[in-house]
Amino acid sequence: MTEERKPLNFIEQIIEEDLQNGYEREELKFRFPPEPNGYLHIGHASSINLNFGLGLRYNAPVNLRFDDTNPIKEEQEFVDAIKRDVEWLGFKWEKECYASDYFQQLYDWAVAMIKNGDAYVDSQASEQIAQQKGTPTQPGSASPYRDRSVEENLSLFEAMKNGETAEGAHVLRAKIDMASSNMLMRDPVMYRTLHKAHHRTNNDWKIYPMYDWAHGESDFIESVSHSFCTLEFLPHRELYNWFLEKVNQPKQLQPKQREFARRNLSHTIVSKRKLAQLVEKKVVESWDDPRMPTISGLRRRGYTANSIKKFAETIGVGKRENVIDMSHLEFCAREDLNKTASRVMAVLDPLKVVITNYEEGAEEWLEAENNPEDETAGSREVPFSKEIYIEQADFKEEANRKFFRLTLGKEVRLKNAYIIKGESVVKDDDGNIVEVHCTYDPKSKSGSGTEESQRKVKGTLHWVSIPHAVKAEVRLYDRLFTVESPDADKDKKFIDFVNPDSLQTIVGYVEPSLKNAKELEHFQFQRIGYFCADQSTSLEKPVFNRTVSLRDSWVKKSN
RNA sequence: UGGCCUAUGGUGUAACUGGCAACACGUCUGUUUUUGGUACAGAAGAGUCUAGGUUCGAGCCCUAGUAGGCCAACCA
């Protein structure tokens, strides 16, 4: 038995090393810590997949922790949406945690730090404090309040806590090193005063901990062993450890922060702040607009949880700048949908075809396979009649032999039906083709087994019977931005690169079975692409969103 | 003028304690096909940012450059 060694990513290597250097397997614990200030996006999917994937791999618990230390930006709506998205992706968290649950503990620790001379209340304006921080190349200078007595610090901090001081009047700062080459170590702010209701603690607190003070300590409280975050937090690591050393008196397992590169997707943006702008400025309808790279947008667009997880898995984790091409995400969608989506027929740009030798008023129901990739998917019946729609693009009056579709004098197969031959066209006064007249070979019915039905014709077209056709709203989505990296331009803003044609809404004709499509049900409109019933779909008015088109080597060649 | 991080085909990742660069996407060819889809077979495409060094041997180690990124919010 050869053990196939799947290469480990650098995060897994860190864990393997720790395991060899004394960590117990049972001590492993991870967390996914979003701030509830927006919706989760494809970048978070990577982080979710990393943390929960590690949990699965090592059979270790993973907490879902809301990093809710800033009441100004956070809302319950986002908490709910985040939970929904993580669940939909198919992950189970061990505990649902909130940094706000630790406010009292954090406060007590802060008091202890003041007593130990590790923290002090600074009563300067924020501009003043900023100025004293110095610059990356010049050391900072001490605040005049840096050496306040413990008693004074204690009483001021308590006054802050009780809401007796104005917002901005005082902050609590850690006393570290104003000359550190790491700006974050120059006496970072631990608490600010905010007279603002919090979505969970309401008005209980008037002071709120800063990220650096809350995050590592939350990890510690939950006994998280490995705390993974994005690269921009790398300089925070030193502070993370400094705080933990102050708190971790009886030597317990100390959480370890490590950083990985955030994932960027081409032709879109992955920044909650900017995504929020798209919603606010009505560039898109909502956070779950199918053009958004949010988890909820992708879901509504028709991406499956599996395809998103597969995407996250195949791109892996790294530490360098990256822009992943959208085609990779699209591949993951097609790969999954190919195996699972029912094949149906829909005509999006109709051209009327009359089968002249087919009996007037007759109809027949033909058997159609639901999914050639899945034998258990069964079949259904689709109605056929004398008048049908095919795609405009599937007919040309005259064409070269590379054109495998309908043309005068040539035969094509109607999918699941008969072989037809183009005979003549009917044009309007302007010379536009309004009808194509064809004849069919009655013995060529699909699946009939006759010699005629076995004939090889080069092209196969999808179609819809006109008297049975159901009108449907079809939303064709394209990339949201016209350039690969909308937020990389020095002069222009990302919003200037919005693709004006990112949404095209049309009326299409679909086979009658689609009337009953359920919200989020996936289909392959044969020869066109994958579509998903929108949440607004109904019996009277079916609505479909295009997830992604089918791969099309013909388009490429003809261009 | 500082500190830290990163550098491998077009893109994203691999290459275990150094042993003649692999996988996926994308691109291009064919075969099969009642989807110009899928599946299958195959091809092109990097010699690993540069320059030195250590070594029998370097993408991996060392040194110095270069390029990009991060750091001066009472945001996370």
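Order of the sequence lines sets the chain letters (A, B, ...), proteins ahead of strands, with each chain counted from 1.
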### Query
Among side-chain atoms of A/Ser100 and A/Arg200, is any donor-acceptor pair under 3.5 angstrom?
yes

### Summary
A/Asp187 meets the salt bridge (charged side-chain N to carboxylate O under 4.0 Å, His left out) criterion, sequence neighbours left out, with A/Arg146

### Query
Using a cut-off of 4.0 Å on non-hydrogen atoms, how would the nucleic acid contact of A/Thr69 be classed: base, sugar-phosphate, or nothing?
sugar-phosphate

### Message
In this structure, how many angstroms lie between the C1' atom of B/rC75 and the NZ atom of A/Lys196, rounded?
### Response
14 Å

### Aromatic centroids of A/Phe66 and A/Tyr98 separated by under 6.0 Å
yes

### Query
If the sugar-phosphate is the primed atoms plus P, OP1 and OP2 and the base is the rest, what is the B/S/- string for nucleotides 66-74 of chain B, using protein heavy atoms under 4.0 Å?
---SSSB-B

### Query
Listed by chain and number, what are the side-chain contact (heavy atoms from CB on, under 4.5 Å) partners of A/Glu158, not counting sequence neighbours?
A/Tyr107, A/Asn162

### Task
May I have the distance from A/Asn264 (atom CG) to B/rU13 (atom P), rounded to whole angstrom?
10 Å

### Message
Taking only the P atom of each, what is the distance from B/rG10 to B/rC49 in whole angstrom?
### Response
13 Å

### Task
Scan for salt bridge (Lys or Arg N to Asp or Glu O under 4.0 Å) pairs involving residues 119-145 of chain A, sequence neighbours excluded, and state none if there are none.
A/Asp122-A/Arg173

#### Entry: Between C1' of B/rA76 and NE2 of A/His215, the distance in whole Å
9 Å

### B/rU17 versus B/rC74 - spacing of their C1' atoms, nearest Å
49 Å

### Task
Whenever both distances are under 3.5 Å in a Watson-Crick or G-U wobble pair, mark it; put RNA chain B into dot-bracket that way, with [ ] for crossing pairs and | when the partner is on another strand.
.((((((..((((.....[..)))).(((((.......))))).....(((((..]....))))))))))).....

### Message
Once side-chain hydrogen bond (donor to acceptor under 3.5 Å, both in side chains) is applied, do any residues pair with A/Arg57, and if so which ones, sequence neighbours excluded?
### Response
A/Glu12

### Query
In whole angstrom, what separates A/Phe331's CZ from B/rG12's P?
18 Å

### Message
Between B/rC60 and B/rG9, how many Å separate the two P atoms, rounded to a whole number?
### Response
14 Å

### Message
In whole Å, I'd like the distance from the CG atom of A/Asp374 to the C1' atom of B/rA39.
### Response
15 Å

### Query
Taking the same atom, P, in B/rC23 and in B/rG53, what whole-Å distance lies between them?
34 Å

### Message
Can you tell me if A/Arg263 touches the phosphate of B/rU13, counting only side-chain N or O atoms and a distance under 4.0 Å to OP1 or OP2?
### Response
yes

### Task
Mark up nucleotides 27-38 of chain B, 5' to 3', with B wherever a protein heavy atom is under 4.0 angstrom from a base atom, S wherever such an atom reaches only the sugar-phosphate, and - elsewhere.
S------BBBBS

### Value in whole Å for how far the P atom of B/rG3 lies from CZ of A/Arg186
13 Å

### Message
Just to verify, what does A/Ser218 make a side-chain hydrogen bond (donor to acceptor under 3.5 Å, both in side chains) with, not counting sequence neighbours?
### Response
none

## Note on the structure
For A/Asp487, the side-chain contact (heavy atoms from CB on, under 4.5 Å) test, sequence neighbours excluded, returns A/Ile269, A/Lys274, A/Phe494

### Task
Mind calculating the distance between CG (A/Asn49) and P (B/rG12) to the nearest angstrom?
19 Å

### Query
A/Tyr440 and A/Tyr418: aromatic ring centres closer than 6.0 Å?
yes

### Query
Residues two or more places apart in sequence or in another chain: which of them pass side-chain hydrogen bond (donor to acceptor under 3.5 Å, both in side chains) with A/Asn306?
none

### Task
May I ask you to evaluate whether A/Gln20 reaches the phosphate of B/rC16, defined as a side-chain N or O under 4.0 Å from OP1 or OP2?
no

### Task
Find the distance A/Glu484:CD to B/rG26:C1' and express it as a whole number of Å.
12 Å

### Message
Please enumerate all residues that pass side-chain contact (heavy atoms from CB on, under 4.5 Å) together with A/Ala276, with sequence neighbours excluded.
### Response
A/Glu280, A/Trp287

## Note on the structure
Between A/Ser327 and A/Leu8, whichever has its closest RNA chain B nucleotide further toward 5' is A/Leu8

### Task
Please list, chain by chain and in numerical order, all residues satisfying side-chain hydrogen bond (donor to acceptor under 3.5 Å, both in side chains) with A/Arg413, sequence neighbours excluded.
A/Ser446

### Task
In whole angstrom, give me the gap between the P atoms of B/rA76 and B/rU38.
47 Å

### Message
Syn if the chi torsion is within 90° of 0, anti otherwise; quick check, which is B/rG9?
### Response
anti

